**Q** 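The structure follows.
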Amino acid sequence: TSAPKTTARPNVLYEYDADAVTAGGNVTFELVAAPTGMTIQPSRGEISWTPTEAQFGSHRVTVLALRDHVCPSEQSFEVDVRDCSITVTYHQPALVPGQLANFVPQAVSNCEPLTYELVVAPNGMAIGSGSGIIQWVPVLGSFSVEVLVTDSWGATAAVYFDGEVLPETPPRITSLPPFRAKVDDL
């Protein structure tokens with residue numbers, strides 16, 4: 001009656017608690033089909049497995065639940081082992097005090113979709129959890145930002161950046177006009 005977790009990562013513990021309902025008697029569990037190294041606790045149905053890097057791909061799992069060693073019931077599912085990686089960078093836009101700024105991420109992952117969360121941010125900064133776009137109306141001073149990016153398999157990456165919002169100053173012309181001019185040189 002439980003829904004299995006169908007994804008796993010190499011060298012990370014995979015766990016699933018198989019449940020069974022019965023009108024009476026003791027239920028025991030066993031693995032009928034499973035990848036190498038996967039185990040089940042017979043009286044509780046707790047499955048554990050740490051896939052190796054050699055076990056990438058899809059693996060068929062079949063759990064058998066027995067009431068008093070008879071009346072079998074099966075649950076079959078696939079567990080897909082994939083190594084996920086995330087690369088995210090943000091390019092800081094020009095920051096003008098009091099004007100809305102958008103920080104747009106450049107993200108690459110082989111396990112999308114990605115979700116984004118602000119862990120450290122100045123007051124008023126917000127992030128789109130699905131897009132990663134940060135919006136903020138800057139104020140004068142220094143700021144720090146930490147974004148936590150999570151993929152659909154649970155892999156995470158953190159992005160950190162610091163900045164400073166300076167007062168807006170008008171441009172200043174630094175070139176000098178010519179000092180001499182002759183008639184008819186124009």
Side-chain angles (χ1 to χ4, degrees), residues 1-91 102-121 125-135 144-161:
T1 62
S2 54
K5 182 178 168 187
T6 58
T7 59
R9 295 178 55 215
N11 304 314
V12 176
L13 180 64
Y14 167 91
E15 295 178 299
Y16 166 55
D17 187 8
D19 295 323
V21 177
T22 181
N26 294 322
V27 176
T28 58
F29 297 88
E30 61 183 74
L31 290 171
V32 176
T36 301
M38 183 177 278
T39 61
I40 191 166
Q41 205 291 332
S43 63
R44 293 191 305 270
E46 296 167 349
I47 295 173
S48 62
W49 176 44
T50 302
T52 67
E53 291 181 10
Q55 292 177 304
F56 284 115
S58 187
H59 299 274
R60 184 87 173 148
V61 177
T62 301
V63 178
L64 182 66
L66 298 162
R67 184 187 73 204
D68 294 323
H69 303 288
V70 294
C71 299
S73 178
E74 279 188 2
Q75 180 185 44
S76 293
F77 55 94
E78 300 283 328
V79 177
D80 192 15
V81 178
R82 190 183 310 177
D83 193 15
C84 298
S85 63
I86 303 171
T87 303
V88 180
T89 57
Y90 278 90
H91 298 286
N102 290 309
F103 298 74
V104 180
Q106 301 297 315
V108 177
S109 173
N110 58 344
C111 295
E112 293 183 355
L114 301 176
T115 58
Y116 299 80
E117 174 187 355
L118 281 174
V119 178
V120 173
M125 184 175 275
I127 192 166
S129 64
S131 68
I133 295 174
I134 296 173
Q135 292 191 321
S144 295
V145 177
E146 179 182 349
V147 178
L148 181 64
V149 185
T150 306
D151 70 19
S152 61
W153 290 55
T156 60
V159 180
Y160 308 91
F161 57 95

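In this text, all values refer to a predicted model and were calculated from it rather than measured experimentally.
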**Q** Do Leu31 and Val63 have side-chain heavy atoms sitting under 4.5 Å apart?
**A** yes
**Q** Enumerate the residue pairs fulfilling ring-ring contact (aromatic ring centres under 6.0 Å, His included) with a member in residues 37-56, sequence neighbours excluded, ordered by first and then second residue.
**A** Trp49-His59
**Q** Gln41 and Ser43: side chain to side chain donor-acceptor pair (under 3.5 Å), yes or no, with the steps?
**A** CA-CA 6 Å; Gln41 205 291 332; Ser43 63; 2.8 Å; yes
**Q** How long is the straight-line distance from OG1 of Thr87 back to CD of Gln106, given to the nearest 0.5 Å?
**A**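 If I round to the nearest 0.5 Å, the distance is 12.0 Å.
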**Q** Find the distance between CD (Glu53) and CG (Asn11) and round it off to the nearest 0.5 Å.
**A**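 So the gap between those two atoms works out to 5.0 Å.
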**Q** In Å, rounded to the nearest 0.5 Å, how long is the span from CZ of Arg82 to CG of Asp151?
**A**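 Arg82 atom CZ to Asp151 atom CG measures 9.0 Å (nearest 0.5 Å).
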**Q** When you measure from the side chain of Tyr14 to the backbone N and O of Val81, does any donor-acceptor pair fall under 3.5 Å?
**A**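 No.
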**Q** Which heavy atom of Leu64 sits nearest a heavy atom of Pro72, and at what distance?
**A** CD1-CB, 3.6 Å
**Q** Establish, from distance only, whether the side-chain atoms of Gln75 and Ser73 form a donor-acceptor pair under 3.5 Å.
**A** no
**Q** So how far is it from Asp17 CG to Ile40 CD1, rounded to the nearest 0.5 Å?
**A**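 Asp17 atom CG to Ile40 atom CD1 measures 9.0 Å (nearest 0.5 Å).
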**Q** Nearest 0.5 Å please: distance from the OG1 atom of Thr156 over to the CD atom of Glu117.
**A** 10.5 Å
**Q** Using the ring-ring contact (aromatic ring centres under 6.0 Å, His included) rule, pick out the option among Phe161, Tyr116, Tyr90 that qualifies with Phe103.
**A**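 Option passing the ring-ring contact (aromatic ring centres under 6.0 Å, His included) with Phe103: Phe161.
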**Q** Where do Met125 and Leu118 come nearest, in terms of heavy atoms and distance?
**A** O-CD1, 3.6 Å
**Q** Give me the atom names and distance for the closest heavy-atom approach of Glu146 to Tyr160.
**A** CD-CE2, 3.3 Å
**Q** Tell me, do Ile133 and Pro105 make a side-chain contact under 4.5 Å, heavy atoms counted?
**A** yes
**Q** Tell me, with the steps shown, if Val147 and Val88 meet side-chain contact (heavy atoms from CB on, under 4.5 Å).
**A** CA-CA 9 Å; Val147 178; Val88 180; over 6 Å; no
**Q** Provide the closest heavy-atom pair for Lys5 versus Val79 in the form atom of the first, atom of the second, distance.
**A**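 Minimum heavy-atom separation between Lys5 and Val79: O-CG2, 4.0 Å.
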**Q** Please report the shortest heavy-atom distance between Leu66 and Glu30, naming the atom on each side.
**A**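 Taking every non-hydrogen atom into account, CD1-OE1, 3.7 Å.
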**Q** Quick one: do the Ser58 and Glu78 side chains pair a donor with an acceptor below 3.5 Å?
**A**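 Side-chain D/A pair, Ser58 to Glu78: present.
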**Q** Would you name the heavy atoms of Pro35 and Gln55 that are closest together and state the gap between them?
**A**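 Looking at all heavy atoms of both residues, the closest pair is CB-NE2, 4.2 Å.
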**Q** Without swapping roles, check the side chain of Tyr16 against the backbone of Ser2 for a donor-acceptor pair under 3.5 Å.
**A** yes
